[in-house]
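Data block below; observations after.
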Amino acid sequence: DGGITQSPKYLFRKEGQNVTLSCEQNLNHDAMYWYRQDPGQGLRLIYYSQIVNDFQKGDIAEGYSVSREKKESFPLTVTSAQKNPTAFYLCASSPGTGIHGYTFGSGTRLTVV
Amino acid sequence: AQSVSQHNHHVILSEAASLELGCNYSYGGTVNLFWYVQYPGQHLQLLLKYFSGDPLVKGIKGFEAEFIKSKFSFNLRKPSVQWSDTAEYFCAVQAGVAAGNKLTFGGGTRVLVKP
């Protein structure tokens, strides 16, 4: 079945460490997105990529970095510069051309201690 | 930039009651509108979407939404809820290709349906 795989489901890290969250899709979608979900704040866009080797900052990009070396993969690194990294992170993809809704992954819950 | 406001953070109601969740957006251009649902422990799923045409949109599981352009609103409704409708509901607005087809979400409404 086609879909988006995020791993791991739960992740614990010590404060000051960088951590990379994985997102893989086999939907042949051009566009991929990273959102952060916090209670009462909905989903906020961190980074997005419309095509391989290109990406743009979203609304809350500070303290995060991404890469898009392959169409299928869009990993997100939460750096030590992110002031409040504990959150639920969602990856999504869309065909990219025209207007479409997104397909979401199951998310990664990151806890920094 | 677009923004989305959902009026209620929490809604509690009994089975068979009617549900209406408010959503207002701000954006100067043409938008596409969505409602997503997140059941406990599950992925975000698309409930319904509006691109153009009939402003009354029907989605899955008996949900519908009405786009009122003059009010910048896209409220979600269900005439009779079930316990299984307990979930968090998100309204979202999508600008066009030039804006990266980005979805902007509202803050979400947690709905608890009591049996």
Side-chain angles (χ1 to χ4, degrees), chain A residues 1-7 9-10 23 25 27 29-52 54-61 66 68 74 87-109, chain B residues 1-11 21 23-25 27 29-53 57 59-60 65 74 87-110:
Chain A
D1 287 336
I4 298 181
T5 301
Q6 289 188 244
S7 60
K9 192 168 183 176
Y10 298 95
C23 177
Q25 55 103 355
L27 299 165
H29 284 173
D30 286 317
M32 297 186 75
Y33 307 82
W34 273 106
Y35 285 86
R36 170 181 170 139
Q37 185 176 6
D38 296 284
Q41 299 192 57
L43 282 72
R44 293 179 290 165
L45 182 64
I46 304 172
Y47 268 97
Y48 65 102
S49 167
Q50 293 179 276
I51 197 167
V52 175
D54 188 40
F55 49 83
Q56 285 78 40
K57 293 181 179 180
D59 301 319
I60 55 165
V66 293
R68 187 84 187 278
F74 191 42
F88 189 57
Y89 292 87
L90 282 166
C91 180
S93 71
S94 75
T97 55
I99 304 295
H100 300 273
Y102 292 1
T103 300
F104 282 89
S106 57
T108 293
R109 185 165 299 280
Chain B
Q2 62 264 36
S3 66
V4 181
S5 175
Q6 291 183 241
H7 311 303
N8 307 98
H9 294 298
H10 293 90
V11 171
L21 302 182
C23 172
N24 285 89
Y25 68 92
Y27 183 68
T30 301
V31 295
N32 300 295
L33 299 159
F34 302 81
W35 275 97
Y36 282 84
V37 61
Q38 189 173 34
Y39 298 104
Q42 294 189 27
H43 297 205
L44 269 167
Q45 301 173 36
L46 181 65
L47 262 184
L48 47 78
K49 59 189 177 186
Y50 172 79
F51 290 170
S52 63
V57 180
I60 61 171
F74 190 55
E88 189 161 15
Y89 294 81
F90 295 93
C91 181
V93 167
Q94 187 177 43
V97 173
N101 290 334
K102 293 181 294 181
L103 274 180
T104 298
F105 287 84
T109 300
R110 287 185 182 269

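No experiment lies behind these values; they were computed from the predicted model shown.
With a 4.5 angstrom heavy-atom cutoff, B:E88 touches chain A only via side-chain atoms. Proximity to chain A (any heavy atom under 4.5 Å) is shown, for B:L44, by both the backbone and the side chain. With a 4.5 Å cut-off on non-hydrogen atoms, B:Q6 does not touch chain A at all. For A:L45, the part lying near chain B is the side chain, with the backbone staying farther off; criterion is any non-hydrogen pair under 4.5 Å. Contact annotation for A:Q37: only side-chain heavy atoms (C-beta onward) come within less than 4.5 Å of a heavy atom of chain B.
Distance check, rounded to the nearest 0.5 Å: CZ of B:F105 to CH2 of B:W35 gives 11.5 Å.
Checked by atom type and distance alone, the side chain of A:Q41 never pairs as donor or acceptor with a backbone atom of A:R36 at under 3.5 Å. A:S49 places a side-chain N or O within 3.5 Å of a backbone atom of A:D54 that can act as its donor or acceptor partner.
When ring centroids are compared, B:Y36 and A:F104 come within the 6.0 Å threshold.
Below 30°, between 30° and 60°, or above 60°: for A:Y48 and A:Y33 the angle between ring planes is below 30°, a parallel geometry.
Of the listed residues (A:G105, A:P39, A:G107), the greatest number of heavy-atom pairs within a distance under 4.5 Å of chain B belongs to A:G105.
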